[in-house]
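To keep things clear, I will list the structure first and then write my remarks on it.
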Amino acid sequence: MKMIIIFCITFTCGFLENVISDANPLTYEAIFNFGDSISDTGNAATYYPSMDGNSPYGSTYFKHPSGRMSNGRLIIDFIAEAYGLPMLPAYLNLTKGQDIRQGVNFAFAGATALNMDYFIQKKLIPPSTNISLSVQLDWFKKLKPSLCKNKRECDNYFRSSLFLVGEIGGNDINALILSYKNIAELREIVPLIIEAIINVTTELIEEGAVEIVVPGNFPIGCNSAVLTIVNSGKKDEYDQFGCLATYNDFIKYYNWQLNQAIETLRQKNNHVKIIYFDYYGSAKRLFEAPQQYGFSFGKIDTFKACCGKGEPYNVDVHIFCGSFASTICSDPSIHINWDGAHLTEAAYRLIAKGIVEGPFASPSLKSPTFKIA
Ligand SMILES: *[C@@H]1O[C@H](CO)[C@@H](O)[C@H](O)[C@H]1NC(C)=O
Ligand SMILES: *[C@@H]1O[C@H](CO)[C@@H](O)[C@H](O)[C@H]1NC(C)=O
Ligand SMILES: *[C@@H]1O[C@H](CO)[C@@H](O)[C@H](O)[C@H]1NC(C)=O
């Protein structure tokens, strides 16, 4: 008897497996991700092949540019790893006949929640791409027939899949910051960004998604690119850690509004688990106590980008990481910031750990198969 039980746990008895995977799967069968450069694993790089040249991107983990805006893995890579899934293939880079049963990534670097028309109409600095969130949803719908054949099959499959809608919205906010809009003007766009996110989440629910993550946004007041662009110089605009307090307060407001909208969506869809990722909290603690998390050690400034050019943050909006004039730090693992806008693998690992193992996801994800090392 004992032997049989052990055998069943290790190899899962056939009938048990079916019951479990239909009703309450213990883990995720697949991940479908939508977003921007925070989670793009190769879509933009496939679209603009020149991006994937001889550059320091990917140098730490992949040893070559991997289509990711970091030196190594992103939060989404660590999440996939934790659930024993392969790193998500980029939708635009799929080859005919490729096995996509374990998920696909639709995120595109530079993507906005709102469509390009909005930025053009408002005469704002346009985002770098028109692959907005709704375009990514169209990609998903186009791919769907090759994922599952009919409603019953799709419902079953998506029931054990995890969907992530974001982080997205950061580039909408960036477009305003780059257009020199003030905080009051930033606040005005929040309801529209959130509406776009909720719209796509609602459509995914209609498509059969029952477990969906809607992440909040990062503490952009601690972002080296934002610190460089805003460069207010007014001491009272910074918090005790060196972040721009007004910009972080704005993100807190944004995340609070997003949470309100998520709560409304939950009430309308009792059968759906909508998870909020607190990227603000999970990232802010790194800037508040960098040495506790293995960064800085007093040798380097908490905000100094590893790859770039310029004082004081090693960021210049005209000199990109990888361009001839840029320099690269000797040890990316003690930097939080990678290239001004994006974080290092070391920072993303800690953020992912805080999400998967708690306490920065609410409600929490399923129990991970592996701990994030
Ligand atoms: C595209 O896929 C190939 C093979 O699957 C991989 O080697 C390559 O790195 C991918 N490119 C990007 C930009 O993701
Ligand atoms: C995005 O822009 C390109 C040209 O830059 C165009 O060919 C494409 O149709 C546009 N896509 C969308 C979804 O608007
Ligand atoms: C959200 O969906 C509604 C209903 O389809 C539509 O009227 C509205 O324009 C959409 N909003 C955004 C920001 O996409």
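Each ligand, and each atom within it, is numbered from 1 in the order the structure gives.
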Per-atom contacts, ligand 1 versus [X] - under 4.0 Å to a heavy atom:
X: Gly42; result: 13 (C), 14 (O)
X: Thr46; result: 13 (C)
X: Ala45; result: 13 (C)
X: Thr41; result: 14 (O)

pair [X]-[Y]: side-chain heavy atoms closer than 4.5 Å:
X: Arg68; Y: His342; answer: no
X: Leu143; Y: Ile100; answer: yes
X: Thr129; Y: Tyr48; answer: yes

Does the gap between the ring centers of Phe241 and Phe287 come in under 6.0 Å?
no
Are any of the N or O atoms of His64 closer than 3.5 Å to those of ligand 1?
no
Ring-plane angle category for Phe32 and Phe158, please: parallel below 30°, perpendicular beyond 60°, tilted otherwise.
perpendicular
Does anything in residues 104-129 pair up under salt bridge (charged side-chain N to carboxylate O under 4.0 Å, His left out), and if so which pairs, sequence neighbours excluded?
none
Can you establish whether the number of heavy atoms outside His318 located under 6.0 Å from its atom NE2 is more than 12?
no
Lys268 NZ: over 12 foreign heavy atoms closer than 6.0 Å:
no
Would you please name every residue forming a ring-ring contact (aromatic ring centres under 6.0 Å, His included) with Tyr348, sequence neighbours left out?
none
Quick one: ligand 2 N/O to protein N/O pairs below 3.5 Å?
{"residue": "ligand 2", "atom": "2 (O)", "partner": "Asn130", "partner atom": "ND2", "Å": "2.3"}
{"residue": "ligand 2", "atom": "11 (N)", "partner": "Asn130", "partner atom": "ND2", "Å": "3.0"}
{"residue": "ligand 2", "atom": "14 (O)", "partner": "Asn130", "partner atom": "ND2", "Å": "3.3"}

Does anything in residues 122-153 form a disulfide (SG to SG under 2.5 Å)? List the pairs, not counting sequence neighbours.
Cys148-Cys154
Using a 4.0 Å heavy-atom cut-off, say whether Thr95 meets ligand 1 through its side chain, its backbone, both or neither.
neither
In terms of atom number and element, which parts of ligand 3 are under 4.0 angstrom from non-hydrogen atoms of Leu192?
13 (C)
List every atom of ligand 3 that sits less than 4.0 Å from any heavy atom of Ala196, numbering the atoms from 1 in the order shown and giving each element.
13 (C)
